[in-house]
Amino acid sequence: MAVATPTVDERLARVGVLDRLLVRPELGAVLGALVVFTFFSVFTDQFLSPAGAATWLDDASTLGIMAVGVAMLMIGGEFDLSAGVMTASTALVTAILATQLGLNVWLALGGSLLFALAVGAFNGFVVMRTGLPSFIVTLGMFLALQGLNLGVTRLFTGSVQVSGISSVDGYESAGFLFASTVQIGSMTLQVSVLWWLLVAGVATWVLLRTRFGNWIFAVGGSVTSARQVGVPVMRTKILLFMTTAFAAWVVGSINILRFTTVQANQGIGLELQFIVAAVVGGCLLTGGFGSAIGAAIGALIFGMTRQGIVFARWDTDWFMLFLGVMLLAAVLVNNAFRRKAERVRR
Amino acid sequence: MGSNRSATPRPAGGRVLLAAVAAGTLALAACSGPGATDAGGGGGQQPGGSGELRVAVISHGTPGDAFWNVVKNGAETAGKELGVQVDYNAAGDPSAQAKLIDNAVAQKVGGLVVSMANPDALRDSIRKAADSGIPVITINSGEKRSAEFGAITHVGQSEEVAGERAGENLKQSGRTKLLCIIHEAGNVALNERCDGARRSFGDVQNLQVDISNPTDVQARIKGALQSDSSIDAVLTLNPQVAANAVSAVRESGSQAKVATFDLNSDVVSFIKSGQLEFALDQQQYLQGYLPVTFLKLFRDNANTVGGGKPVLTGPQIVDKSNVDKVGSFAERGTR
C-alpha cells in the first residue's frame, strides 16, 4: 500500500517564536518586571540613578537567592516554610560559633553550613519517610527553629542578639566573599547581587541542562510516574530540601557578615515572601512547572516595588495592599499564558 | 507532567554560565571588602543650604503599631508647622531598615531621623549618610552608639533609667516580687528596661510573651500569677500588654499591682479607675517632633541642642494626679 503524504510527528512540529515565548513560565514575571521598572523610572527621579538602582538590586538580591532555592523545591512538588527562619538560624550559628566559642569565621561558616544541610536533610527525610505533607513538616521546623534561635541565643549571650563578629579572626577575608561591595561605574553594588545572579544561573543550568533537573520536574509532576521510570524520588527530594537550606545558609552568611549582628527573631514571615516571588516567577503550587530565572525576576519585582514605593514617596501604609494586588495579577497573567501555552503544545 | 524544557538542547548554556562566572570573578577583582571594627564617626555634615527641607524618618516599628503612630504624628505635625517635607517609613527587620536608609541617601534627603533598635546592623548605612553630608539624628533607641556613628544628636529615653524609675516607684509602694513582661523576643531595649527595674527593685522575674497574640499574652500572665502567688507587682512594657495584664490580674484573683511603660487611651482609663498604678510615658511624640525641628534649626541656624548630648524625652510618670490632663491628649494621638 502506498503512503501519500506522511504527516509530521506533532513533537517535531515547528513552533513559532511567539508561541515558544509563551510557553516560558517566566514570561509573566518578565512583563511584570518591565511594567514596574518603567513605572517607577518614569514617575520617580531617583529610581534610575546609580545609587537608587543599587538600593533595589540590593533589596532584591537576598530575597532572590532564597526565591531560587524555594522555586526549585516547589518545582519538585514541596514547600519549605522553615526557609525564612533558617536565614536567621544559620546567621546565629555562625555568630555564636565565632564570637562565643572563639572559632575562626571560616570554621564558623563551615559549622553553620553543616547545620543547614542537616536541617534540610532532616526536613526531606521526614517528609519522604512519613508521607506527611511538607507544609506540615516544615511548619513544625519553622516553629522549632524559632524557639531554638531564641533559646540558644539567650543561653550563650544572655541577650537576644549576637554581635561582635567583626573582631574575630577571618572576618575580613570571609566578608570579602559575602559582604563586600563592587564598584561598577558610579554604582556601588553589594556583592549579594552577584551571588543572586550566580545562584539563578547555576539553578537554571541544573534545571534545564542536567539529569538532576529532569528528575526535579519529574518528581514534581507526578511522583508515581517518576518512580515508575526509575527516578530516585527520595534522593531527589531530600537534595532539594538541602538546596533550600543551602540558599538559607548563603543568605544568613551575607546578613551576618554585612550587618555584623543578628537578632534572634529575624527571618520570621520571610518564607511567604520567597513563595510569593517564586509564584510570581511562574512556579505552580502543585509542582512540576516553573523556572529559577522566573523566581529571580519575581524577587526583582518585589525589590523594585518595595524601594520604588519609597522613592515615589507614597505612604507605605499601603505597601501590603499593593503587594497583594500584584501577586494576584501576576498569577492571573501566568495562568492565562499557561492556558494559551497548553493549546500551543497540543 | 508539564515541563518547560525546550525541545532542542543547545550547548550554549554551559558557555553562558562560564562567561557569567568569569565576569563575576573579574568584577570581584575590583571590589572592596567590609572593614573590621573601627571607631570614629563620619564627618562632613555641614549646615547650610536653602529651599524646602526634606527629612526622612525611618523607624523600626511595624506598620500599624500604636506607639510609632504617635511618633509619626509628631514628625508630620512638626513638618507642617515648619514647612518641612517629612517622609515616614518603617521596617522591623534591621536589614530592611538599613536598605530604607540607603534609599533615603540615594534620594539625597536633607536630613535623616533613625531609630536604632539594632545599631550594629545600621552602622554602615548611617555612616554612609553622614559621610555624604546628610545630618542624622537618632531617636528612641541606640543612644550609646549615636555619636560614634556620626549623628548630630540623639532624642529618646534611657531605657535603664526608666526601668530603674519604675522599679523604685513600685518598691516605695511596698511591693516585694515583680513580674516583668517582655513582649518582643529579640528587642534589646525591653531587656534593658527589665534589667533597670531589677537593679532598683531586687526580686524581678521576666516573662516572655508574643504581642501579636493577645489571647496568649493574657493566658500566660494569668498562668504566671496563678503558679506563684507571691508575685505582687506586674510591669508591662507596652500599653496593649498592660490591658492584657489588668484582665489577667482580675481573672486570676491576684492582688498584684500593675504598672506599665507608655500610654494609650485604655491605660488612661485604667489609671483613672485605679486598676493601673502608673504609666512611664516616654512622650514619644517629642521623638518625632523634636528631630524635625532640630534638623530645620541645624540647617537654617547651625544649632545643635545641648552640644550633641542626648536629649531625654522621658520618663514622665502619669498617675492619678495628672491623668485627666494627659488623657485628653492620648485620645487625639499625640501622647
Side-chain angles (χ1 to χ4, degrees), chain A residues 11 20 23-25 46 49 51-52 54-55 58-59 62 150 159-161 163 166-167 171-173 175-176 179-184 191 194 197-198 201-202 205 208-209 214 217-218 221-222 225 255 257-261 263-266 284 288-291 307 310-311 313 316-317 319-320, chain B residues 1-7 9-11 13-14 16-17 20-21 23-24 27-28 30-38 56 63-64 85 87-96 98-100 102-108 117-124 182 184-188 190-191 208:
Chain A
R11 283 170 298 180
R20 266 217 303 260
V23 303
R24 303 296 311 165
Q46 299 297 331
S49 72
T55 312
D58 175 26
D59 195 9
T62 44
L150 186 57
S159 144
V160 287
Q161 63 181 37
S163 48
S166 56
S167 48
Y171 171 74
E172 286 195 46
S173 53
F176 188 76
S180 50
T181 53
V182 187
Q183 198 71 35
I184 298 177
V191 77
L194 297 182
L197 296 178
L198 182 70
V202 170
W205 176 71
L208 299 184
R209 292 280 177 269
N214 263 338
F217 281 106
S222 161
S225 333
N255 281 345
L257 292 173
R258 175 167 168 199
F259 298 111
T260 68
T261 173
Q263 242 165 255
N265 63 344
Q266 254 168 259
L284 278 188
F289 187 85
S291 104
Q307 300 298 326
V310 183
F311 282 126
R313 308 181 53 208
T316 41
D317 293 353
F319 171 66
M320 284 295 172
Chain B
M1 183 192 87
S3 149
N4 69 346
R5 293 168 59 78
S6 55
R10 281 166 298 145
V16 170
L17 184 71
V21 171
L28 273 173
C31 79
S32 50
T37 312
D38 58 335
Q85 280 266 16
D87 297 330
Y88 179 88
N89 280 292
D93 184 276
S95 60
K99 284 163 195 166
L100 284 174
D102 293 344
N103 189 318
V105 174
Q107 293 186 59
K108 303 191 177 71
N118 194 331
D120 282 318
L122 305 181
R123 186 182 65 165
D124 289 347
I182 294 182
E184 273 171 24
N187 186 329
V188 182
L190 300 184
N191 281 279
Q208 186 97 46

Contacting region of A:Thr62 [heavy-atom separation from chain B under 4.5 Å]: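 The side chain, not the backbone.
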Minimum heavy-atom separation for [X] to [Y], with atom names?
X: B:Pro94; Y: B:Asn118; answer: CG-ND2, 3.9 Å
X: B:Ala121; Y: A:Thr261; answer: N-CG2, 3.3 Å
X: A:Ala179; Y: A:Val191; answer: N-CG1, 3.6 Å

Interface residue of largest heavy-atom contact number with chain B, from A:Leu197, A:Asp58, A:Thr260, under 4.5 Å: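 Among the listed options, the one with the most contacts to chain B is A:Asp58.
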Residues that B:Asp87 engages under side-chain hydrogen bond (donor to acceptor under 3.5 Å, both in side chains), provided they are two or more places apart: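 Testing B:Asp87 for side-chain hydrogen bond (donor to acceptor under 3.5 Å, both in side chains), a comparison that skips the adjacent residues, returns A:Arg313, B:Arg54.
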B:Asp93, part contacting chain A, at a heavy-atom distance under 4.5 Å: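 The answer is the side chain of B:Asp93.
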